[in-house]
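By convention here, the first residue in the shown sequence is residue 1. Small disclaimer: the values here were computed from a predicted structure and weren't measured.
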Amino acid sequence: MTEQVKKKAPVRRRKEARPQELTAAALSLFVEKGFAATRLDEVAARAGVSKGTLYLYFDSKEALFLAVIREGIVPIIDEGRKLLVAHADDPVRMLREYLFGWWSLFGATELGGVPKLMTSEAQNFPEVAQYYLREVIQPGKALMQAVLDRGVAKGVFRPTDSALVTHILMAPLLHLALWRHSFAVCCQVPDMDPQAYLETYFDLVLKGLAAAPEGGASCDAR
């Protein structure tokens, strides 16, 4: 085959692609470049298909992103619901599984870049942000509140404003995920050891939530 023929040979593309392969390619690009900067032809190219093939499944970039959330993150919420059943009689174990599970299933994966993405681009894409709020943030918060309330009912955790404490408990996890997808990548700074971070964080959480021993002083007594 001559060099001229080689140059004219068409680029071979896969004839078919599963939607999951397209959403995986989209997630990678969204986290890498941001939602606004990612083009559909780039997603198609990374998945190894034509742009026309991509349009067979998704008619817009927004639809593709919603599929990323629906297929990648919503199932993690379902796993959290199972924890409430599996560890119903052990609030401490339930809380640990929830927090550490969030990291292993979400924060430590490519999905962990989504909070950074949503924080930076929610204002520009309000419909996408509303979907993320409704399908991810609100159910996740409800689960955490249920864990805290269960601990109070069992006498393991002291009474608190569980809605407010939920925000406070999630902040360090989000910080770890944001760090992993920002400074740890671009600035050549040492990454935090997630396991040591989580163990220290959980120790502080338990000491802050622990109910006072029966007949003992309150945790916030002066």
Side-chain angles (χ1 to χ4, degrees), residues 17-38 42-43 45-48 57-58 61-84 86-87 94-122 125 128-129 131-144 147 166-167 169-202 205:
R18 296 188 180 94
Q20 291 83 357
E21 293 171 328
L22 295 170
T23 55
L27 171 62
S28 179
L29 283 164
F30 289 151
V31 170
E32 178 184 322
K33 301 184 64 174
F35 184 75
T38 298
E42 292 176 311
V43 175
R46 182 160 295 191
Y57 298 102
F58 305 104
K61 188 165 57 175
E62 287 78 5
L64 187 55
F65 183 77
L66 297 186
V68 168
I69 302 303
R70 185 170 58 251
E71 296 173 11
I73 302 180
V74 171
I76 297 174
I77 303 296
D78 293 333
E79 288 299 314
R81 294 189 178 99
K82 294 177 183 177
L83 288 176
L84 293 178
H87 305 298
M94 187 189 306
L95 182 61
R96 182 182 176 88
E97 292 292 333
Y98 183 100
L99 298 176
F100 280 70
W102 185 95
W103 179 254
S104 64
L105 296 175
F106 183 77
T109 73
E110 203 163 30
L111 290 166
V114 173
K116 174 176 175 283
L117 178 68
M118 294 306 305
T119 300
S120 62
E121 305 206 52
F125 302 95
V128 172
Y131 182 85
Y132 188 79
L133 179 66
R134 183 177 67 251
E135 300 296 330
V136 177
I137 294 179
Q138 291 176 342
K141 285 172 55 181
L143 282 173
M144 175 67 83
V147 171
T166 291
H167 283 288
L169 291 185
M170 292 307 301
L173 295 177
L174 292 170
H175 169 72
L176 185 57
L178 290 171
W179 181 273
R180 181 172 180 267
H181 287 276
S182 55
F183 293 103
V185 175
C186 71
C187 299
Q188 298 181 342
V189 293
D191 196 5
M192 289 180 281
D193 177 2
Q195 188 64 29
Y197 181 102
L198 291 170
E199 292 290 353
T200 301
Y201 159 64
F202 190 67
V205 167

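Aromatic ring orientation, Phe125 versus Phe35: perpendicular (interplanar angle above 60°, classes split at 30° and 60°).
With rounding to the nearest 0.5 Å, the separation of CD1 in Ile73 from CD in Glu135 is 11.0 Å. Note that CD of Glu71 and CG of Leu111 are 11.0 Å apart. Values are rounded to the nearest 0.5 Å. The structure places CD of Glu97 at 4.5 Å from NE2 of His87, a figure rounded to the nearest 0.5 Å. To the nearest 0.5 Å, atoms OG1 (Thr200) and CD (Gln195) are separated by 10.0 Å.
Scanning all heavy atoms of the two residues, the minimum distance from Ala122 to Ala129 falls at CB-CB, 3.7 Å. Contact detail for Glu21 and Ala47: the closest heavy-atom pair is O-CB, 4.2 Å. Residues Arg180 and Thr109 approach most closely at NH1-O, 3.3 Å, considering heavy atoms.
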**OP:** Evaluate side chain to side chain contact (heavy atoms under 4.5 Å, CB included) for Met118 paired with Phe65, printing each intermediate quantity in order.
**Re:** CA-CA 11 Å; Met118 294 306 305; Phe65 183 77; 3.5 Å; yes

Practice problem: Apply side chain to side chain contact (heavy atoms under 4.5 Å, CB included) to the pair Ile69 and Val128, showing each step before the final yes or no. | Solution: CA-CA 10 Å; Ile69 302 303; Val128 172; over 6 Å; no

- request: Would you check, one step at a time, whether the test side chain to side chain contact (heavy atoms under 4.5 Å, CB included) holds for Tyr197 with His175?
  value: CA-CA 11 Å; Tyr197 181 102; His175 169 72; 3.5 Å; yes

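Side chain of Thr23 to main chain of Gln20: a donor-acceptor pair is present (N/O by atom type, distance under 3.5 Å, no hydrogens or angles). In this structure, Ser120 contributes its side chain and Leu117 its backbone to a donor-acceptor pair below 3.5 Å. Here the side chain of Tyr57 pairs no donor or acceptor atom with the backbone of Arg18 at under 3.5 angstrom. Proximity of a side-chain donor or acceptor of Lys61 to a complementary backbone N or O of Ala36 within less than 3.5 Å is detected. A distance-only check finds a donor-acceptor pair linking the side chain of His181 to the backbone of Gly113 [under 3.5 Å].
Between Glu199 and Arg96 there is a side-chain heavy-atom pair separated by less than 4.5 Å. With contacts defined as side-chain heavy-atom distances shorter than 4.5 Å, the pair Tyr132/Pro115 qualifies. Looking only at side-chain heavy atoms (C-beta outward), Phe30 and Glu121 stay at 4.5 Å or farther from each other. With a 4.5 Å cut-off on side-chain heavy atoms, Phe202 and Phe100 count as touching. Residues Leu99 and Tyr201 form a side-chain contact, since some pair of their non-hydrogen atoms from C-beta on lies under 4.5 Å apart. For the pair Glu32 and Thr38, the minimum side-chain heavy-atom distance is 4.5 Å or more. Residues Arg81 and Pro139 are in side-chain contact: their nearest non-hydrogen atoms beyond the backbone lie under 4.5 Å apart. Contact annotation: the side chain of Val43 never approaches that of Phe58 to less than 4.5 Å [non-hydrogen atoms, C-beta and beyond].
Listed by first and then second residue, the salt bridge (Lys or Arg N to Asp or Glu O under 4.0 Å) pairs that reach into residues 98-118 come to none, sequence neighbours excluded.
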